[in-house]
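Quick notes on the structure that follows.
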Amino acid sequence: MPELPEVETTLRQIAPFLVGKRIERVTTTAPSYFFITPPAELRKSLEGRQIEFLERVGKYLVLGLGEGDRLLLHLGMTGQLFSSEAASVRLLSATARAALPPEEQIHFKPDRHTHLQFELAGEGPQVYFRDVRKFGKVQWIAAGESNDRLDRLGTDALEMSAEELFSANRGRRVAIKAMLLDQSVAAGVGNIYADEALFLAGVRPGRAAKRVTRVECETIVTQLKRVLKRSIETGGSSISDYVAPDGSDGGYQDERKVYGRKGEACLVCGNEIKRKLIAQRSTHYCAHCQR
DNA sequence: ACCGCACCCTGAGCGC
DNA sequence: TGCGCTCAGGGTGCGG
């Protein structure tokens with residue numbers, strides 16, 4: 001799914017279609033795991049409201065609706081937030097696309113996975129939120145209410161310091177990779193960028209967090225920020241489902257050093273990239289370059 | 001407090 | 001063609 005760079009890319013591209021607009025109508029799918037706030041309640045709360053801002057908090061997006069009301073969005077693994085003018089070309093799989101009549105291959109038509117449709121006042125496209133696996137989330141946060149999900153988040157990965165990582169690691173037997181994936185430690189980091197940052201830092205992802213030195217924490221945090229910033233510059237990684245709001249691919253998948261490269265040669269030393277499960281997530285590393 | 005694991009859900013790709 | 005299996009970028013909640 002979308003990690004920090006993909007969510008940031010989504011934010012930058014979708015903001016012009018949302019911010020300053022009034023929501024005239026909201027269409028949803030039926031109640032499901034996806035809706036933390038029931039869809040009927042959501043429609044009622046949103047219709048007629050003006051969108052004042054859109055911001056990213058870790059991997060979450062927060063819509064500001066005035067008077068302190070907010071809407072929390074999370075893209076989960078397969079969430080896609082995009083303009084209704086985006087073509088179907090990348091939004092659907094090749095097989096799903098082939099099954100459509102030609103006109104729908106050019107312009108995306110909401111399907112059963114399109115859980116939210118924002119019809120906005122004035123010119124400009126509608127905005128759709130589609131999510132096949134429904135691991136995404138949408139929740140209304142009324143003015144003055146706190147939110148557990150947001151409250152649990154630690155420092156945004158782009159802002160974090162080596163000292164924060166080092167002190168979080170203290171006494172922890174879990175893998176350093178698990179620490180990076182922990183959103184209360186570094187908000188926004190996910191599986192791809194955790195693997196990439198640890199490779200660039202030369203640290204084995206399975207090493208116990210408490211065995212990672214202060215100096216190594218410096219390197220990890222430096223490389224992590226570098227990788228995240230570079231990925232934002234290229235529009236994120238499009239590996240399976242992620243597409244930018246205009247339906248285009250990101251570019252960072254072409255710059256990956258280890259993620260998804262199991263069995264291929266390490267670009268530094270030529271040894272085979274290994275894959276194993278760490279923290280229940282598929283993890284890629286070079287046993288020669290990472291200690 | 002910490003840790004590992006089951007679970008939420010759908011679809012693609014692969015071997016047979 | 002079809003079946004069964006594995007895999008997927010995330011996060012929560014439980015029991016030990």
Side-chain angles (χ1 to χ4, degrees), chain A residues 1-10 29-36 57-61 72-81 90-99 111-115 130-139 147-154 157 168-197 205-206 208-210 227-228 231-232 234-244 249-253 255-256 258-263 275-284:
Chain A
M1 149 358 172
E3 306 181 30
L4 187 153
E6 292 76 34
V7 179
E8 181 67 25
T9 301
T10 298
T29 51
S32 74
Y33 183 76
F34 175 85
F35 292 101
I36 297 171
V57 185
K59 296 178 204 172
Y60 290 92
L61 289 172
L72 186 66
L73 302 175
H74 194 290
L75 300 178
M77 292 278 264
T78 51
Q80 303 167 320
L81 187 67
R90 278 282 302 142
L91 292 161
L92 307 177
S93 68
T95 43
R97 213 161 58 230
D111 60 0
R112 70 193 188 94
H113 303 300
T114 311
H115 303 298
R130 181 172 186 269
D131 184 7
V132 170
R133 286 175 77 185
K134 287 190 270 198
F135 287 175
K137 293 279 170 285
V138 54
Q139 181 174 27
N147 180 272
D148 288 348
R149 290 179 165 77
L150 291 178
D151 291 347
R152 270 196 285 268
L153 297 178
N169 282 346
R170 199 161 291 144
R172 301 294 298 271
R173 283 170 296 153
V174 287
I176 180 64
K177 169 155 177 186
M179 296 302 294
L180 293 181
L181 292 178
D182 184 339
Q183 300 300 294
S184 72
V185 174
V189 182
N191 210 27
I192 298 177
Y193 301 103
D195 281 6
E196 294 297 315
K210 62 181 180 181
V227 161
L228 293 172
S231 183
I232 292 169
T234 63
S237 297
S238 292
I239 290 174
S240 61
D241 299 275
Y242 175 74
V243 291
D249 278 351
Y252 197 76
Q253 64 279 5
E255 300 190 19
R256 283 170 299 149
V258 287
Y259 185 85
R261 298 193 63 243
K262 178 194 171 189
R275 174 185 176 276
K276 70 188 256 190
L277 273 191
I278 294 173
Q280 287 77 245
R281 308 297 298 281
S282 119
T283 299
H284 312 74

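Here is how names work: the chains are called A, B, and so on, in the same order as the sequence lines, proteins then strands, and each is numbered from 1. Because the structure is a prediction, the values reported are computed rather than measured.
Note: CG (A:L277) to C1' (B:dC5) measures 12 Å, nearest angstrom. Spacing between atom CG of A:L72 and atom C1' of C:dG11 amounts to 12 Å, rounded to whole angstrom units. Rounded to an integer number of Å, the gap from A:L92 CG to B:dG11 P is 11 Å. Between the CD atom of A:Q183 and the P atom of C:dT12 there is a distance of 9 Å, given to the nearest Å. B:dG4 atom P lies 12 Å from atom CE of A:M179, rounded to whole Å. Distance, A:F34 CZ to C:dG11 C1': 14 Å, rounded to whole Å. Remark: P of C:dA8 and NE2 of A:H284 are 7 Å apart, rounded to the nearest angstrom. The distance between atom OH of A:Y242 and atom C1' of B:dG11, rounded to the nearest whole Å, is 21 Å.
Of all nucleotides listed (B:dC5, C:dG11, B:dT10), C:dG11 comes nearest to the side chain of A:K59. With B:dC3, C:dA8, B:dG11 as the choices, the nucleotide that has an atom nearest any side-chain atom of A:R112 turns out to be B:dG11. Which of B:dC9, B:dC3, B:dT10 sits closest to the side chain of A:R173 comes down to B:dC3.
Counting only distance, with no hydrogens or angles, the side chain of A:Q80 and the backbone of A:L91 share a donor-acceptor pair below 3.5 Å. For A:T78 (side chain) and A:D241 (main-chain N/O), no donor-acceptor pair under 3.5 Å exists by modelled atom type. Counting only distance, with no hydrogens or angles, the side chain of A:N191 and the backbone of A:A194 share no donor-acceptor pair below 3.5 Å. The closest donor-acceptor contact from the side chain of A:E196 to the backbone of A:Y259 lies under 3.5 Å. Counting only distance, with no hydrogens or angles, the side chain of A:Q253 and the backbone of A:S238 share a donor-acceptor pair below 3.5 Å.
In this structure, a donor-acceptor pair under 3.5 Å is absent between the side chains of A:D131 and A:H115.
Taking only side-chain nitrogens and oxygens, A:K134 comes nearer than 4.0 Å to OP1 or OP2 of B:dT10. A close approach under 4.0 Å does occur between a side-chain nitrogen or oxygen of A:S282 and OP1 or OP2 of C:dA8. Taking only side-chain nitrogens and oxygens, A:R275 comes nearer than 4.0 Å to OP1 or OP2 of C:dA8. For the pair A:Q280 and B:dC5, the criterion of a side-chain N or O lying under 4.0 Å from OP1 or OP2 is met. Between A:R152 and C:dT12 there is a side-chain polar atom (N or O) within less than 4.0 angstrom of OP1 or OP2. For the pair A:H113 and B:dG11, the criterion of a side-chain N or O lying under 4.0 Å from OP1 or OP2 is met.
Counting non-hydrogen atoms of neighbouring residues, nucleotides and ligands closer than 6.0 angstrom, the NZ atom of A:K210 exceeds 12 such neighbours.
What you find for A:V189 and A:L180 is that their closest heavy atoms are CB-O, 3.3 Å. Summarising the geometry of A:P5 relative to A:I232, their closest heavy-atom pair is CA-CG1, 3.7 Å, with the distance given to 0.1 Å. In plain terms, the two heavy atoms of A:F34 and A:G136 that are nearest each other are CD1-O, 3.5 Å.
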Nucleotide N/O to protein N/O under 3.5 Å, stretch nucleotides 12-16 of chain B:
unit_1	atom_1	unit_2	atom_2	d
B:dA12	OP1	A:S93	OG	2.5
B:dA12	OP1	A:T95	OG1	3.1

Anything under 3.5 Å between a protein N or O and an N or O of nucleotides 1-4 of chain C, put it in a table, one pair a line.
none

Starting from the C-alpha separation in whole Å, work towards a yes-or-no answer on ring-ring contact (aromatic ring centres under 6.0 Å, His included) for A:Y252 and A:Y193. CA-CA 10 Å; A:Y252 197 76; A:Y193 301 103; 5.8 Å; yes
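Within 4.0 Å (heavy atoms only), A:D131 reaches no atom of the nucleic acid at all.
By the criterion of a centre-to-centre distance under 5.5 Å and near-parallel planes under 30°, the ring of A:Y33 forms no stack with the base of B:dC8.
The shortest side-chain heavy-atom distance between A:R256 and A:I239 falls under the 4.5 Å cut-off.
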Using a 3.5 Å limit on both pairing distances, list the dot-bracket string of DNA chain C from the 5' end; Watson-Crick and G-U wobble pairs count, crossing pairs take [ ], interstrand pairs take |. .|||||||.|||||||
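A:K137 forms a cation-pi arrangement with A:Y33, by the criterion of a distance under 6.0 Å to the ring centre and an angle within 45° of the ring axis.
Distance noted for atom P between B:dA1 and C:dG11: 22 Å (whole Å).
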